[in-house]
Amino acid sequence: MIRLIEILKIHIRFIRKMPYVCHLRHPRTFNEKIQWLKLYDRRSEYVVMADKYAMKAYVDSKIGPGHVVPLLAVYDSIGEVDLQALPDRFVIKCNHDSKGTYICMDKSSADWDTVLRRLGKRLATDYSVRTSEWQYHDIPRKIIVEELLRSDCPEGIEDYKFFCFNGEPAFFKIDFDRDTDCFHSNYYDFEGNLLDFSMRNHPRQPGKMLALPPKDVIDEMISFSRILSAGYPFLRVDFYWVGGVVYVGELTVRSGSGLSPQASFDLDLRMGDYLQLPTDR
C-alpha cells in the first residue's frame with residue numbers, strides 16, 4: 001500500500017512539473033529514470049550522501065582530507081546558534097535543505113531575526129514529503145556553519161556539477177545567475193566544449209562562458225567523481241575550485257528530484273541513455 005501511494009505521488013508531481021507523462025514501468029528519459037530510482041534504489045549510504053554534515057566525513061574517507069568546505073560550527077536547534085562565536089563572514093544552512101543557504105558577508109549588518117526564523121522553518125520541514133526522496137526523512141537535522149571560501153562573491157561561487165553514471169562521469173553543468181530571472185545552465189564535456197543539453201526553464205546561453213579550470217584540475221575532479229560514484233547507477237558530484245584547491249560541495253543523489261525537463265523530449269531521452277538502471281529490485 002505504501003509503495004502504491006508513493007507511485008501515485010510521483011505521478012502527480014511529475015505531471016505538474018513535466019511536459020509529458022511519467023512511465024515508471026519502462027522509463028526512458030533521464031527524469032523518468034530518476035523517479036524509478038526514488039522507488040527502487042534505496043541504499044542506506046544515500047542518507048549520508050544527502051546529509052550536508054555527514055557527507056564531509058564520508059568524502060574524507062573516500063578521497064582523503066582537505067577536499068570538503070571547512071566546518072565552523074554545528075547546532076541542533078536555532079536556539080543554540082552562537083553568533084558571537086562566529087567570524088564576520090560565513091555560510092549557514094540546514095544539513096537536509098535545498099536552496100536555503102544564507103551567505104553572510106557582514107555579520108554586524110545582517111537581519112538575524114529574519115535569517116534565523118527562515119532557518120527554523122526549514123529545519124522543521126521534511127523534504128521527503130515534497131519530493132518522495134526518502135533519504136531526506138532519515139537525516140538527523142542540524143544547522144551547519146561553513147567557511148566562506150570567497151569573500152568577493154556575495155551571490156555564491158560557481159560550482160561544477162559532474163553527472164556520473166555507474167561510476168563514470170560523463171559531463172558537467174554550470175549554473176549562471178541563480179536566484180534571478182536570467183538563471184540558465186550550460187553543459188560541457190571535459191574538454192570544455194559546450195553541449196546541446198538545455199534545460200527548459202533555465203536554457204543554455206552559448207555566449208555565457210567561464211574560464212574553466214585547467215585540465216589537471218578537471219582531471220582531479222574526474223578522478224574524485226569516479227571514486228565517489230563507484231557502484232551507484234547515478235550520482236551528481238558538485239565541486240568548487242578555490243585557491244587552487246578542489247572542494248566537494250555536495251553529493252546529489254537525485255538531481256533536480258527528476259523534475260527538471262530538458263528543452264525537448266529528445267534531449268531528455270538522450271540524457272536518459274547514459275543512465276542504466278539496475279536489473280534487480
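What you see is a predicted model, and the numbers here were worked out from it, not measured in a lab.
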Would you say the side-chain atoms of T252 and R236 include a donor-acceptor pair closer than 3.5 Å? yes
Please check if any side-chain donor atom of D268 sits under 3.5 Å from a side-chain acceptor atom of Y20, or the reverse. yes
Does one side chain, of T29 or N31, offer a donor that lies under 3.5 Å from an acceptor on the other? no
Can you measure from CG (L194) to CG (N186) and round to the nearest 0.5 angstrom? 5.0 Å
Under 6.0 Å between ring centres, would you say that holds for Y136 and H96? no
Taking the six-membered ring for Trp, are the ring centroids of Y247 and Y240 within less than 6.0 Å of each other? no
Test item: R13 side-chain N/O and R130 main-chain N/O as donor-acceptor pair under 3.5 Å: yes
Is I139 reachable from I144 through a run of hydrophobic residues whose side-chain heavy atoms are each under 4.5 Å from the next? no
Which heavy atom in M18 sits nearest to a heavy atom in S260, and how many Å separate them? SD-N, 4.0 Å
Y127 ring center near W134 ring center (under 6.0 Å): no
Tell me if the centroids of the rings in F234 and F30 come within less than 6.0 Å of each other. yes
Under 6.0 Å between ring centres: does that hold for F197 and F171? yes
Step by step, would you call E6 with S132 a side chain to side chain donor-acceptor pair (under 3.5 Å)? CA-CA 7 Å; E6 284 302 309; S132 294; 3.1 Å; yes
L116 side chain near D113 side chain, heavy-atom distance below 4.5 Å: no
Counting only heavy atoms not in R43, do more than 12 fall under 6.0 Å of its CZ? yes
Looking only at side chains, do Q262 and S198 share a donor and an acceptor under 3.5 Å apart? no
May I ask you to test the P278-L37 pair for a side-chain heavy-atom distance under 4.5 Å? yes
Nearest heavy-atom contact between C104 and W112 is SG-CZ2, 3.8 Å
Distance-only side-chain donor-acceptor flag, K38 / S257, under 3.5 Å: yes
Indicate whether the side chain of S264 and that of D266 have a donor and an acceptor atom separated by less than 3.5 Å. no
For a quick test of reading the model, state the closest non-hydrogen atom pair linking P169 to G167 and the distance between them. CD-O, 3.9 Å
Less than 4.0 Å between a side-chain N and a carboxylate O, is that true for D88 and K107? no
Would you check if the distance from the ring center of Y160 to the ring center of Y188 is below 6.0 Å? no
If I compare all heavy atoms of H11 with all of C22, which pair ends up nearest, and what's the gap? CE1-O, 3.1 Å
For the pair K93 and E146, find out whether any cationic side-chain nitrogen is under 4.0 Å from an anionic carboxylate oxygen. yes
Would D60 and K62 pass as an ion pair if we require N to O under 4.0 Å? no
Working to the nearest 0.5 angstrom, can you tell me the gap between K33 NZ and L275 CG? 5.5 Å
Is any side-chain heavy atom of Q276 less than 4.5 Å from a side-chain heavy atom of P233? no
Can you tell me which residue among W36, Y46, Y232 is in a side-chain hydrogen bond (donor to acceptor under 3.5 Å, both in side chains) with D41? Y46
So, taking the atom named CD in Q35 and the one named CD in E133, what distance separates them when rounded to the nearest 0.5 Å? 8.5 Å
Distance-minimising heavy-atom pair for D76 and L123: O-CD2, 3.9 Å
Check: F162 ring centroid to F224 ring centroid under 6.0 Å: no
Looking only at heavy atoms, the pair that brings M221 and V246 closest together is CG-CG1, 4.0 Å
Might you confirm whether atom CZ of R118 has over 12 heavy atoms from other residues, nucleotides or ligands at distances under 6.0 Å? no
For Y53, is the OH atom crowded, meaning more than 12 foreign heavy atoms sit under 6.0 Å from it? no
Do the non-hydrogen side-chain atoms of V248 and M55 ever get within less than 4.5 Å of each other? yes
